[in-house]
Each structure stands twice: as C-alpha cells, then as structure tokens.
Amino acid sequence: MVCLRDPIAWVNSVAQKKSRKTAYKSGKYKKTRSWKRRLWPYLVLVLCALLAAFAMYMLHLDRQVRAKFEGTRWKLPAKVYASPQELYAGLDMARPDLVKLLQRQGYREADTLDKQGTYALSGSHLDIHARRFQFWDGTQKARRLRLNFNAMGVSDIKAMDGKGELNLLRLDPLLIGSIYPGEGTDRILVKIDDVPPMLPAGLIAVEDQYFLSNWGVSPRSILRAAIADIKAGQFVQGGSTITQQLVKNFYLNNKRTLGRKIKEALMAILLDAHYSKNEILESYLNEVYMGQDGDRAIHGFGLASYYYFKKPVEELEPREVALLVAMVKGPNYYNPRRNPDQALARRNMVLDRFHAAGLIKDKAWHEAKLSNLGISAEAAHDDSRYPAFIDLVRRQLHGQYKDSDLTDEGLRIFTTLDPRIQSAVDERINKGLDQAERAHGLDSGSLEAAGVVTSVEEGNILALAGGRDRGYAGYNRALKAHRQIGSLMKPISYLAAIEQPSRYNPITPLDDTPLAVKLANGQMWRPHNYARRNHGREVPLYYALENSYNVATSRLALDVGIPNIIKTLKRLGYEGDPTAVPSLALGAVDMTPLEVAQVYNTLATGGYYTPLRAIRDVTTRDGEPLNRYPLKVHQVVDSGPAYIIQWLMQRVASHGTGAGMYRYLDRSNQMAGKTGSTNDLRDAWFAGFGENRVGVIWVGRDDDKSTRLTGATGALPIWAQIMKDIGARGIINSPPDSIEEVPLNAVFNPNVSSKVLGDKAANLYNDDADCPSAIDVPFIKGYVPKDLGACDTDVMSQNRRLHHQRKKDKEDDERSWFEKLF
Amino acid sequence: MDIKKPLLAAVSALLIAGCATHGGGVLDGQESASRTDQKGSDEHEAEQRSAKEAGQVTKPDTRDREPEETRPQKMPPRSASEVSSAAVMSLLDNADQLIKAEKMDAAASILERALNLDPRNPFIYQRLAALRLAQKEYEQAEQMARKSNSVAADNPFVKQDNWQLIAKARQAANDGSGAQEAKTRAVSYSRSADQYR
C-alpha cells in the first residue's frame, strides 16, 4: 500500500513520467498503446484515493460511534416524585384506601409476595412487599410487612421478612412527571442485570436471532431483505440486526436511502467490534422508541414499563414483556391503548416465539396467551395528570437550576404532592362546577376554578389545581389568576384590630350604620352590606365577621388604619404591594389562590409564617443530595391575637357565612374559615382550615363576567367536600398563656333592638352561678373589659347597664339594712 | 470541628430537660429589670383580678390557665417517648444518631419526616431547635423553640427547656439582654414545673 503511505508523492512521480512521455510524440499505434498504458496509473490512483477516502470515512465513523457511546449517551429529563406514603401504627387510613393507593402505584395483588410491588389481603390485614427505592436520604431496601387495621386505620405494623423490627416504612413514591424540553424525549434508564432475563432473551428471539454470533450485521438477512425490496421496487424490509437498529436510533435520521443503509451497516460493524454484546443490548433497551405521549416521546423499556403498566421493569410479567417486545416493531401501530387488537395479535405471536425459543414453559405460555393486555387502567396521560403542580415545581426550580440541568441531567426531585389529596381536589372541582352550572342555569363549561391544599405546620403544598380540566396543561389559575379576594381579607383586617387589645376584643361593639367617607381624590366612598341592610350601632365584633358585614368592617378598618392592615397582610406572607385605599379592608386587593393559601396557612399555624414549598429535596441521578428545602418558621403574630382570630374564624364556620360546610362535614369537626365574594359576583372564594389542612378554593370565569355565585354557594361546597374526602382533622383549641376565656351568653340579634330585649336580657344574667349555654370568649389577659363578668352577654351596653343596676341594688340593699338597724 | 461546641451546647440543652434544678434566686434580681415589651403574665394576672373585682365577679378556678395556679393533676410529658408513637420514636432515635455523627442536615430531614407523622409534637420542634443552634442558625433555633412552645400547651418542662435554648441562641447571637430575659422566663417555668416534682 505504497499509495496510501504517500499518495501525493506518488501522484507527482506519475505526472513527471507523463510529461517525459508526451515529449516523444511518435506514431498512432504507439500513441494508442501508450494511452492505454497510461490509463493504469490513473486507475490505481483513483482506487487508492477511494480506499483512502473510505479509510478516512471509517475513522470518522469510528470516532462518531465511540464518542456517543462513551460519553453521556442520553439526556435524562428530571424525574418528579410525589410525597411518599408512610406506613405506621396510627396512620388514619382505611384498608380499602390503602389498597387503592397501592394500585395507583402499580402494586398488584398476588398469592405469594415473592416479588416487589405486590400485596395480599387476608382476614383483617394487608401484606405488602414494598419496593426498594432510592430516596433523598439513602436507599430503602425492599421489605415484606403486614398491617393490621381497626376502625381508626392502621393499628399495627410488623415485619414479615425477618430483616429486623419495623416501626414504619416509606413506600416508594409515585412518579408524577418528568421535566423535558418542548418536543422532547423521555426515558428512565435500566441496567441489563435488573431487567427480567426474558426481556433481552425475548428481544433477541424476535428481533435478531443471530445477535450473539453476528458481527453487527447479518448478510443473510440483508440478502433476504434486498430480495424483498427488489421485488417490491422499494425499501420495505429492514433486515436490521439489533446493532443496526441501535445505530439507526442512535446516530442517524429516519431516511431510508441506500447510502444511509450502508452507513448504518458500517457503524454497526464498528459498534460490534468495540463493545460487548451486553453493552450493546443494554443501550438498545434504553434507546428504543416505544410510543408517543402528546409531545413526549417514550424511549426505552424503563419508561415504557411505567407508561404502559405503571411499574418498574423488574416487575414485568411474561405477557407484559411480550407486549413491549411486540411493540418494538411499530410502537404507534401496535399501541395497546389505541390499537388493542393489533397489539394483542402481535403479542401472542411474540409469545409463540418466546415459547419456541424455550423462554416460557407450556403452562405459562397458554395462560399468557389467554390473558388480556393488562394495560394500566389509568388514563393514557397518567404522567401528565399533575400539570399544575409540575408547573409550580418548575417555577420553584427556576433560577436555581439551568433549564438544561433539568432536562438533561436526570435529577430526582422529591415533592410534597399527595396524590390522594390531588385527586380529591380535581374530582370535587370538576363535579362541583358541573353542579353549580346546572343549579344556577349557567352555560356548561363557563365556570373555572382553582384550588390549593397545604399541610399547615410544615407549609407543604399537598395539592394544586389550576383549572377544571385535569390532565390538560392549560392556564394555571392557582399561580397566575390574580383576583380580588373580597371578604377573605376581613380576617386580616380583624387581626390587625385584635392586635390592639386595649381597643378591640371579640365583643367590641362595631357601628354598622350607613357610612360615607370622602376619599383623597374627592370621591365619596359608601360601602354597603351584601343584603343592603344595616345592623345598628353595637354589633359585637365576632358577629360582624361571622356575617361578613361590610359597613362595620369598614369602620373598624378605618379606625385601625389601612397601612396597619397592609402591614399585617405582609407579615402573614403576602409579597405584593397593595394600594392603601379604604376598600382594601373589604378585599380590594388582587391575589392568586396560592398567595391566599400562604396567608391563611400562617393564620392556621397560630401565627407562624412558614414559607409554602412544593419541593423537599433534589438529588443527582445517583442519589447525591443537591438541594434541600428545609422547614423554616417565623413567628409573625403573637399567640394571643393568633388564637382569637382563629376563634373568630371558627365562629364563621359554625354560625356564620361558612356554616354550609356542615352539610358535608361532621359537626364535631371544628373548622375555621371565611367566604369571599366580589363585586357583581365575579369571584367566589372560600379559604379555611382544620388542624392539619388549609384549603383555598376560587371559582370564577376567565372572561371576568359574573358567576352568579357567592363564596358560600360557589366555593364552599367544593371546599367542604374536599376537606371531608381528605379526612382533614378538626381544630383542637388550646388557649395559650396569654388568653383568658370568659363564658358569655350570645344574645345579640340585629333584628331585635336591645331596648326591646329589655328585661328579658336581664334574665339571662345568672349571677355567675351557672350559664350552661354560654360560649367561652377569648380575651387577651389583662384586657377583659371592666364591666364584664362570667355569664354576661355579648352586648356591652347591656352589661354596663346591668352592672350599674346591680351596684345600685347592692347599695340600696346595704342602705335598707342600715335603715333597719337604726 | 468548630461545630462541636455549639453541638455540645445543644445536646446539653436537651439533656438538661431531664435534670432541671435551677436556683431561681440568682436570677431574681434581673427578672424585673429584663422585662420590657413582653408583659409579664403576673402583671396581666393582677390587672385581670382587679377587673374581676370591679365587676364583682370571680371566675371558677379551673378556667385559669396560668401555670402557677394550676393544680397538679396530671404530670405533663417530660420526654418525647411519653407522647410519641413507636414510628416517631424510631425516627427520633435515628435523628439522634445522625446528630451524634454530626450529620445535621440528614438529621433535620429525618426530624421533618417525624413532623409529617406528628405535626404538633413539641419535642420534635425542640430537637430541630437544638439542631439549628448547633448549626449556629440562631434565628431559626429561637423560632423553632417558640414553635415548640406554641404546641406545648401547659407543659412547663418543655417550655423551660425551650426558653433555655432561646437564651443560648440569643447569647450566641450577642443579644445579652434578650438572653437574660429568656433565662428569666425559663426560671419562671422551672418554678411552675416544681409543683410536679
């Protein structure tokens, strides 16, 4: 191969010879002969050049093959996980609910719990073989355990595998989504040693029988394919080995040209020369295209297993392996969700191949062929069932991570989402809006809604709904719809008042007579009550909030000062900058449902601002911790006023505008909350909480027209049913040291003037002996009004009158004694 | 290595829970001086009594929640094991081991898991407070201790420990007078704890 070693020198020497020869210029024959003779070197030259070019090309391909195979082979979208379910004695979850949860995560019922991801029911207990899982704080081993149940939920947990005591166990969390770029590919990597052996063996049997012995190409099948192609006059048959298919997916585009076929074959040979059969097969398992989910391409058996069966590839049954292998030939044509008949026929054909190859025994083969496709019952878009929440996760990560970190690096993101609560929220919003539209004669589909549920003490966002259409990543109203909050603002205004205990307490009389205020711009502001009625000069404060009186609240707010109210709102966690206008106290401030949830969460914690979070931990794909989002708390309201405002909001729930909740909830379940409605009924809100859950529901229209719904008719029923579904616990009142409770008779009635009540009211005073129907009203210690004693009423003017009267009586008594004596 | 000192302080703060015997006398002199904006509960008590007298009303004793006046009925829990489930205890033990190994973030993560099971357990917040103190996060140490107080109901043992922890956090953050005030409050809870001893 001289020519190859120094082709340029050789060409030069030929050229010199040529110029010498042309100098002779002799006869015709001689001329022809020399012409022919002279052709040879050219031929050799061209050949050599071709060879050289080919070698160069091979070197180029070789570099390409190796670079891709040895570098980061795939861009791995970040994986987003729900919060894991903890199992322990005392968990308040009934067995059927737990079974439902297991099924949602792809656990299946089995007679023996040999495999991970199985469970069995017998008697009153539930046995589970929990999966191994890599959490943010380490890997949890697979465990077998038994749970016993009583009326409250799980009564007992016990290890069944002899691997040591078990007090609690974290189930593997539900995978709720991936963060992939626009029109992206998604995959979950698997190792060849972790997949059922039937999968690689079956792939070989079906796709490339001679895989283990060939050189990456199979001349036999190429020939067969070529004949078929020639007969058909076009490329119809691939004749590709597994190696060629991998090359095709890995390095090349989808054009079917002869040139590309040759390139593919050459690269396959190179790949086979460089790497082991196992390495090639493992790459194939992870690379192969397995279907389309909207704009997301499903790649590899790891993700396909989740996508079609909702479980890890390790747990696939023979019939499931067969279906996935069957789909390789045409993932869209053999899509079991879209074309179940074609998929079933090809799966059974594949099962026959498995049987013929000795991969499956007779009995299992028969059984598998009779079985259905076994595709997960959940909607095809299972992975995008949490679009609003994933949107929130993206937002929280934005700024901390580059987009490419999220779409390429396979990060593991552990969130606070509780799938059970999320599905309750989605379901109740969908049903509630349908119902409201029917009941109020509204166009079907005209209403929209958003909802947030948080966990109070830890500030975890447990569920987030951005609209009524679950599964469609549309406008995320929970984060983006800035709407007037109406009367949801009132508890904040009242809190600002209660924080001045020398001036305001729960029974401070508020003036609800008509009000007109001249604003800075010269306009008159005349707030009025929802029912356009006024309720006199001495509405007890708690009563005004219970019934959401606007006029009384306006006076209170003007007295407390709008800037003070804004300060309180900000302390509670609102980050906006509202304009200081009097109507702010009645809710003239735009907030998103998530912002409302933050403010109400602070009220629910008893005055501890706890930043809401959707993410708990982020790790690398190998489980190395990258970022924690630890619990942070900050006391922003003193315990006394925080207790009183909760008490006031409990009154709203039990006796006020929120009382409708007890059509759905048990009366013993003490909740606190507030309704909100805005001008022309554009927005209907309810925000409230029990001991361990805050819920915020907004109902409105995207075109900002009237919903004809109030907070109580539009949002409250949805809220109450969610709280019921998720088993939200009632508030347990435990007054802090700074609170003194005084039992008082609640007699105020705006329809009966206190003068009319007259002597009847006096009868209610029982000389402190006994007042069984009195309510414990909380006051800040040291600020109980002077004229107030146990068993007094909630109307201060009456109390004063009565105390005055008693004092006089006592003096009279004493005088009469005195007079008797002397 | 410089983590060790605060760590020891934090652990000892936790240990003190078991053997709190405070000579209140030493601090008595500072008690009135250090009272600032936080109105002492005794003052409230006095005002309230006068209010009652003015109204010629006396409230039944059982309604008073001031620790000093509470009759010792039931011993409040002094350690986590008295109120925590087996599941929570196994997490707390786990966290304690991690704290000993100075794996603070991991321990915090475990404690948050425990909170997830039992979100109103004052002992869990107290451990988080001690942990933040060990990490020199004084502000969060105080806040967590306050949070622990807020869910501790009438438990003087827990509150005493929390105020001691707050005193340490303030001292470390160079807030001397604040530390004194916290110590004073710890002493007052120590006194109300005495009724159970």
Of the non-hydrogen atoms in A:Ser83 and A:Pro173, which two are nearest, and what is the gap between them?
C-CB, 4.4 Å

Over-ring placement of A:Arg170 relative to A:Trp136, 6.0 Å and 45° cut-offs
yes

Between A:Thr605 and chain B, with a heavy-atom cut-off of 4.5 Å, which part of the residue counts as in contact: side chain, backbone, both or neither?
both

Looking at A:Pro630, A:Ser639, A:Gly606, which has the largest count of heavy-atom pairs under 4.5 Å with chain B?
A:Pro630

Answer with side chain, backbone, both or neither: which region of B:Leu117 has an atom nearer than 4.5 Å to a non-hydrogen atom of chain A?
both

Go through A:Phe779, A:Tyr608, A:Tyr643 and name the one with the most non-hydrogen pairs under 4.5 angstrom from chain B.
A:Tyr608

Could A:Arg613 and A:Tyr629 be counted as a cation-pi pair, given that NZ or CZ must be under 6.0 Å from the ring centre and within 45° of the axis?
no

Under 6.0 Å between ring centres: does that hold for A:Phe135 and A:Phe133?
yes

Residue A:Glu86 versus chain B: region with a heavy atom under 4.5 Å
side chain

When B:Phe123 is tested against each of B:Asp118, B:Val158, B:Asp161, B:Val88 for side-chain contact (heavy atoms from CB on, under 4.5 Å), which residue passes?
B:Val158

Interface residue of largest heavy-atom contact number with chain A, from B:Glu139, B:Met144, B:Gln140, B:Arg113, under 4.5 Å
B:Arg113

Engaged part of A:Glu165 at the chain B interface, taking heavy atoms whose separation is under 4.5 Å:
neither

